[in-house]
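Starting from 1, each residue takes its place in the sequence as its number.
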Amino acid sequence: MSLAQVHYTSAAPGDEGTAGRFTAVGPGVSAALLAEIEPLVRYELPGGVPERPSDGELRSLPQAFGYFTLSDGSRLVVRSAPVRDTGGTGAGVRFHAHAVHLPPGVPLPGDRLPVEAWRSPHWVAVTPGGAIPDPLALPPGPAAVSEGLDDFAVSRGPWLAAVLADLRRASDAEAAGRPVALVERQCADVARWLGLASVTLPRESAERLTFTTYTRRPGSSASRVVGVGPEDAEAARAAGLRVHECAGPAPAGGTEDVWATTAARVWRSRSPELFREARELPGEPFAAGPLAVTALCAGITLGPDERAAAAGWAADRPYALDAKRTGQLVEAIASPGIDDRTAPEFDAAGRLFGALEGRCPASVTAPLAAMLVTEAVRGGNGSLELPRRDAFAGPEGAEVAGRLGPEILTELADTLGSRSVARTVQLLRVARLLGVDAADSLPGVVDRLAPALLAEASAAHEGPPGFAPALLELLDEQFEVRTALLGALDRIAPEDPGAVARFLERVTLPFTGTQALPHLRMCAEVPEAMATLGGDRAAVWHRVLRAAGLSPFAEPLVLRTAVGLVWEDRAPTVEEARLLLDAATSDSHRVAGTWARLVDAALSTSPTGASATGASASGSSAAGTSATGTDEAARLAHDLLRGFPGEIGGRERAGLLLLDLVRELRTGAPEPGWAEQVRTLCAQAEPVEPALRERAHAALVERLLAPDRPGAELYDFVHGADAELIAAYDRAARTETVRTRLRTQPAYAADCFTVWTAHPHAGHAWPPVAAALLDEVLRPAVRGMSAEDVAEVEATVGRTGSSGRADAFRDWNRSSTLGRLGRRIAGLRGRR
């Protein structure tokens with residue numbers, strides 16, 4: 001099919017108000033399309049052009065060669081060139097545009113790409129005279145567009161990858177990125193860039209790449225690719241285009257586009273035919289893998305990212321290459337001359353080996369296997385997919401083992417250096433692959449590996465640690481390592497069972513065999529026990545202890561593990577501690593070291609409360625015990641002191657003795673010197689828990705408020721001048737229970753009056769407290785008594801003290817009565 005053509009000429013000098021005019025229009029080009037075409041074909045001279053250029057200067061001016069998409073889906077290929085103005089003086093410069101219109105779906109003759117018309121001799125610089133042929137055919141250019149592109153690509157090596165990456169993005173039908181500006185001194189070099197793109201890109205992508213090789217206004221261009229001169233580079237950058245200054249100094253950086261980097265290496269190797277070969281391989285149009293595979297098989301040197309892409313592509317498609325190309329690819333990837341391999345490349349090579357193993361002869365995959373194990377030993381890459389053991393059955397394996405075996409054994413024997421878990425696991429796995437006997441090093445390796453597992457796992461984020469897959473493969477592959485490592489973990493579990501339990505939650509170790517492993521089994525049991533039994537820690541403890549399969553009498557250390565698992569970050573309660581104490585002998589607790597947890601439980605209990613304090617002021621020890629109930633903490637302290645006399649010392653012993661004294665104060669007859677004992681033990685137990693101090697003070701003042709307390713103890717208490725103890729006494733005397741007894745028991749009231757008036761000069765703390773108790777506690781109680789009870793109080797004071805004491809009570813009570821009477825009389829007068 002012939003194509004319609006359009007000719008456009010700029011305005012002649014003197015044609016003010018017009019930019020130019022169409023001088024010839026082929027059939028099928030509507031007026032609406034002409035309005036759209038006109039701004040596309042216009043031409044603007046570069047700066048600095050002489051008003052009357054010579055023929056040579058005229059020929060050196062840039063020509064604008066462009067390819068555009070129009071609104072109706074048709075396309076336009078146009079060349080706009082400067083020409084000498086033959087009218088007037090004949091010395092000026094005009095331009096002539098010659099365009100070919102391509103209807104939708106119609107290609108150029110010969111199904112050529114638009115850029116291939118760049119060198120066609122059929123572009124004209126004048127409008128044909130007379131009638132325009134209808135339509136005028138445009139034969140394809142005489143030379144292929146690839147002519148000379150190899151040299152051009154080599155000359156543009158520093159820019160090649162970045163420009164190809166941007167040209168690829170510009171050809172994407174769905175991309176909405178910025179247009180690309182190519183800064184070149186010659187517009188022909190911009191056309192050569194487009195020629196590179198036409199060879200590199202798939203056909204459909206190259207057809208979408210609209211362009212112009214020259215413009216003075218890059219910001220308003222309708223093309224995806226625009227060529228500009230160096231003087232307009234800043235304008236392109238200001239307009240937001242992606243600018244490549246190929247006419248300036250070489251760029252410092254590159255591109256992360258692996259496909260573009262590979263394509264650049266192919267061009268620099270002068271092998272553009274490889275693009276066609278790569279497109280015949282399966283994969284996405286711009287996947288780096290097919291092109292990288294093709295390049296490596298052709299002997300082109302690639303970088304680590306490109307080699308990784310090739311290995312990854314071939315690993316996913318192990319049947320896509322024939323035997324010859326597979327061997328070429330393996331040889332290129334495993335070449336001993338490569339020294340810049342990266343971890344992703346090794347990982348991809350490992351996947352390739354796994355895909356080819358069993359599908360190719362061992363002689364083909366042996367270089368890959370040797371490369372992988374060499375990297376595992378010398379490069380420290382702990383994430384590699386290692387080959388299977390049979391990959392090293394031949395002479396290649398013996399050679400690798402002889403080279404790497406001594407290095408492996410030397411490193412495994414090193415117990416002083418720093419070695420990660422992944423590294424140790426990798427060395428053990430490679431030793432087995434190569435048949436290296438590491439049995440002599442195994443005990444030391446395992447003793448070091450076991451605690452390192454816990455340390456690295458605790459430092460990692462949530463989920464299984466990175467070394468977990470390789471570790472499980474190691475334990476599955478090597479029975480002797482599994483047995484030794486599980487035994488080592490079981491031995492260290494009693495020291496930190498919580499850490500072992502958390503590790504087993506993240507890494508499921510295989511210990512379901514015949515090994516006893518009581519501590520590991522307990523650690524594995526505790527999460528489910530906690531989830532099932534909730535907050536019943538005693539029930540959890542029983543279940544975890546059963547999981548051990550051993551009695552604490554036979555293996556006391558299971559006590560330590562169970563206690564550490566259930567009460568890892570807290571002390572047991574008194575009831576739980578009693579359960580633990582009764583579950584085993586003191587010898588078992590002594591060996592396990594769990595007696596210290598029982599001491600913590602006894603010393604961290606809370607006080608019994610104010611009600612207990614008041615309840616025991618009845619004057620009888622039995623009544624006090626009944627009111628407060630059994631003091632389990634004090635009983636526990638008593639039993640601990642008896643069971644572990646040689647182990648408990650220091651402040652813990654003083655604290656337990658203090659608790660035992662509390663028990664005796666409430667239930668028995670303690671040794672004399674109660675107040676002094678409380679003060680001394682509190683000092684020895686510093687820093688004493690506030691709850692324990694409060695409990696001891698409460699028990700002491702309860703006994704001091706009892707009517708049967710020895711007078712010597714009360715005297716020592718009052719004259720000890722301990723402000724804290726006196727304050728506790730004051731609080732206990734003001735409880736409702738004491739007030740009730742004062743109102744209902746005259747003998748008790750008489751006793752309190754005697755005590756509270758007997759020591760008026762005992763230091764600074766006691767007199768104000770005693771005076772306040774007389775006025776604020778005892779006086780209200782006496783006011784509420786009958787006359788007979790008051791008389792009994794007075795008589796009791798006289799019998800237990802002296803007539804002077806009875807007179808003192810009478811005066812004290814009379815002043816209270818007179819005070820009430822005076823206030824009553826004053827009230828009557830006020831009412832009158």
Those residues at least two apart in sequence (or on a different chain) that pass ring pair (Phe, Tyr, Trp, His ring centres under 6.0 Å) with Tyr715 are His719, His759
Heavy-atom pair of closest approach, residues Val507 and Pro465: CG2-CD, 3.6 Å
Could you check whether Glu676 and Thr680, counting side-chain N and O atoms only, form a donor-acceptor pair closer than 3.5 Å? yes
Answer yes if the side chains of Thr796 and Arg799 hold a donor-acceptor pair under 3.5 Å, and no otherwise. yes
Any donor-acceptor N or O pair under 3.5 Å, side chains Asp490, His519: no
With sequence neighbours excluded, tell me which residues meet side-chain contact (heavy atoms from CB on, under 4.5 Å) with Ala747. none
Considering all heavy atoms of both residues, which atom of Pro572 and which atom of Leu580 are nearest to each other, and what is their separation? CG-CD1, 4.1 Å
Among all residues two or more places apart in sequence or in another chain, which pass the ring pair (Phe, Tyr, Trp, His ring centres under 6.0 Å) test with Phe717? Tyr729
Residue pairs passing the side chain to side chain donor-acceptor pair (under 3.5 Å) test with at least one member in residues 760-770, sequence neighbours excluded, are none
Considering residues at least two apart in sequence or located in another chain, which fulfil the side-chain contact (heavy atoms from CB on, under 4.5 Å) criterion with Glu495? Arg560
Please enumerate all residues that pass side-chain hydrogen bond (donor to acceptor under 3.5 Å, both in side chains) together with Glu724, with sequence neighbours excluded. none
For a quick check under 3.5 Å, do Glu576 and Trp567 share a side-chain donor-acceptor pair by atom type? yes
Mind checking what makes side-chain hydrogen bond (donor to acceptor under 3.5 Å, both in side chains) contact with Arg653, not counting sequence neighbours? none
Could you tell me whether the side chain of Glu555 and the main chain of Leu557 form a donor-acceptor pair under 3.5 Å? yes
Determine whether a donor-acceptor pair (N or O, by modelled atom type, separation under 3.5 Å) exists between the side chain of Arg739 and the backbone of Arg734. yes
Thr740 and Thr737: side-chain donor and acceptor closer than 3.5 Å? no
Sub-3.5 Å donor-acceptor pair from the side chain of Thr594 to the main-chain atoms of Arg597, do we have one? no
Once side-chain contact (heavy atoms from CB on, under 4.5 Å) is applied, do any residues pair with Ala538, and if so which ones, sequence neighbours excluded? Asp536, Leu579
Ignoring hydrogens and angles, tell me if any N or O in the side chain of Arg651 forms a donor-acceptor pair with the backbone of Pro687 under 3.5 Å. yes
Set of residues satisfying salt bridge (charged side-chain N to carboxylate O under 4.0 Å, His left out) with respect to Arg419, sequence neighbours excluded: none
Under 4.0 Å between a side-chain nitrogen and a carboxylate oxygen: does that hold for Asp639 and Arg578? yes
Can a salt bridge be assigned to the pair Arg635 and Glu632 using a cut-off of 4.0 Å between side-chain N and carboxylate O? yes
Ignoring hydrogens, what is the shortest heavy-atom contact between Arg506 and Ala457? Give both atom names and the distance. NH1-O, 2.5 Å
Determine, step by step, whether Arg805 and Glu794 satisfy the salt bridge (Lys or Arg N to Asp or Glu O under 4.0 Å) criterion, reporting the C-alpha distance in whole Å, the side-chain angles of both residues, the deciding distance to 0.1 Å, and the verdict. CA-CA 9 Å; Arg805 180 77 61 183; Glu794 181 179 338; over 6 Å; no
Do side-chain atoms of Glu776 reach the backbone of Leu773 as a donor and acceptor pair under 3.5 angstrom? no
By the salt bridge (charged side-chain N to carboxylate O under 4.0 Å, His left out) test, which pairs, at least two apart or in different chains, include something from residues 742-767? Arg709-Asp751, Glu736-Arg743
Pairing residues for Glu713 by the side-chain contact (heavy atoms from CB on, under 4.5 Å) criterion, not counting sequence neighbours: Pro672, Trp674, Leu704, Pro710
Once you measure the plane-to-plane angle for His589 and Phe644, does it fall in the parallel (<30°), tilted (30-60°) or perpendicular (>60°) bin? perpendicular
Any donor-acceptor pair under 3.5 Å linking the side chain of Thr532 with the backbone of Ala529? no
Just to verify, what does Asp447 make a salt bridge (charged side-chain N to carboxylate O under 4.0 Å, His left out) with, not counting sequence neighbours? Arg491
Answer yes or no: is there a donor N or O on one side and an acceptor on the other, between the side chain of Thr735 and the main chain of Arg731, under 3.5 Å? no
Is there a donor-acceptor contact under 3.5 Å from the side chain of Arg779 to the main chain of Trp812? yes
